[in-house]
Amino acid sequence: MTEDPTEGTEANGETSSREANDEPSSTDSQLPTETDAMGPGGTYVESQVIMTTVRVVAPFTFTYGLFLTFHGGGSPGGGFQGGAVVGTTILMIAFAFGIEPTRDWLSNRTVVGLASGGVLAFALIGLLPLLVGGRFLEHAVYSDEFGLYHGKKYALEGVEIVGIAPIVSAIVIGLFFTIAAGFVGQGAAWQSSGPGSYPEHDLDGGDEE
Amino acid sequence: MSPGAIELVLFAFVLLTALATAAFRDVLAAIIVFAAYSLGMAIYYAVLLAPDVAMTEAAIGAGVTTLLLLLTIAKTVRPGRDEIFESIHWSGLLVVGAFTTVILVTVTSFPEIGASDAPIVSNPEVSQYYIEEAYHDTGVENAVTAVLAGYRGFDTFGEAVVVFAAGVATMVVLHTEVFTRD
């Protein structure tokens, strides 16, 4: 009962092993139950064309987003653009395979942790130079005082890679999931948009319905 | 430098889609045309040799914004109407027209693209410094990244925190709405 009130048990098992699923058969057995869970008001349409396209395109856009992030110092791009492209890849997957399974796969805690961790990492990179009498975000300190090889370059890249990119991608994904929360049917929204204790929200949702 | 054929076509496309976004009665049509507008702007930025801005416009403007707007209208009720276009709001048109006229008057005082007497070329102390010294100062080849994460790192930190705070605030508000709604 605390497991899952709306979906079949075997569909839940499929959802948890989504990363490894490559065979179309497992996808087929999972998606119809998802559509049932959304009810007649749900807007998710299972489309073989969209799913196949996304399955082919997603690895490339994800890699391109990482390339933009990691190579932002040497070519056009940077943490903001790369983070946005990585976030868009997740949105694409959610559109193709259903928003709720994607939300379950990528937990809220991960998304919020990415955003908060990005701000903390950015602040940490900026604050470390203060320890040796430098100024906030004075990247040159990393090569001059800390003796890191190409320290100022890596500090700048670090700001882009572990600071800006996670913030942007997490906020894009988080906003998408939050806005999407209401419209896949009340039950689905209640059960998995809650942070923290997952089964309690299940029960609350059941009571309200 | 007079604008080439590509610029003219892109300019016409962007202008047309911008007007269509305002004119369409149906919200779904307006959102899709708005995505086309963003794509046109992204290509336009790339033609103007600003690939960093072009990528941001393509990813955020054409991609994320469109998806978020589509999700939003999927959750709201669209009034069914027969007209394709909005009826013209004359007083609003007057204000917007006056504003556009004021903006257009200032456009003529801009130097032409690539003109040799433009301040950025004729008075190059600042811009030339970044182009010449960015690699030496920050260690990265892309001057845009050098300025954003190096020279102006503090501003970028502020922007990142603003994005974080705005996103978290929106999530908290919408989350509360989802969970307190009957």
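Lettering of chains follows the sequences in order, A, B, ..., and the numbering in each one begins at 1.
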Heavy-atom proximity to chain B below 4.5 Å, by part of [X]:
X	result
A/Leu175	both
A/Phe122	both
A/His139	side chain
A/Ser116	both
A/Glu157	side chain
A/Ala155	neither
A/Ala115	both

Exam field: side chain B/Ser109 to backbone B/Thr106, donor-acceptor pair closer than 3.5 Å: yes

Expected output: side-chain B/Asn142 to main-chain A/Ser75 donor-acceptor under 3.5 Å: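 Confirmed, B/Asn142 side chain pairs with A/Ser75 backbone.
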
Chain B interface, residue from A/Gly151, A/Gly163, A/Ala123 that has the most non-hydrogen pairs under 4.5 Å: A/Ala123

Proximity breakdown for B/Val163 and chain A, heavy-atom pairs closer than 4.5 Å: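 For B/Val163, the contact with chain A is made by backbone and side chain together.
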
B/Phe13-B/Tyr37 aromatic ring centre distance below 6.0 Å: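 B/Phe13 vs B/Tyr37: aromatic centres not under 6.0 Å.
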
Look at the rings of [X] and [Y] and say which category their plane angle falls in: under 30° parallel, 30 to 60° tilted, over 60° perpendicular.
X	Y	value
A/Phe176	A/Phe95	tilted
A/Tyr142	A/Phe146	perpendicular
B/Tyr44	B/Phe11	tilted

Chain A contacts, top residue of B/Thr170, B/Val161, B/Thr156, B/Val168 (heavy-atom pairs, under 4.5 Å):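 The candidate making the most pairs under 4.5 Å is B/Thr156.
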
Which of B/Gly167, B/Ala149, B/Ala59, B/Ala58 touches chain A most, by non-hydrogen pairs under 4.5 Å: B/Ala149

Worked verdict on B/Asp137 versus B/Tyr151 for side chain to side chain donor-acceptor pair (under 3.5 Å): CA-CA 9 Å; B/Asp137 284 346; B/Tyr151 295 107; 2.7 Å; yes

CZ (A/Phe62) with more than 12 external heavy atoms under 6.0 Å: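 It does not: A/Phe62 CZ has 12 such atoms or fewer within range.
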
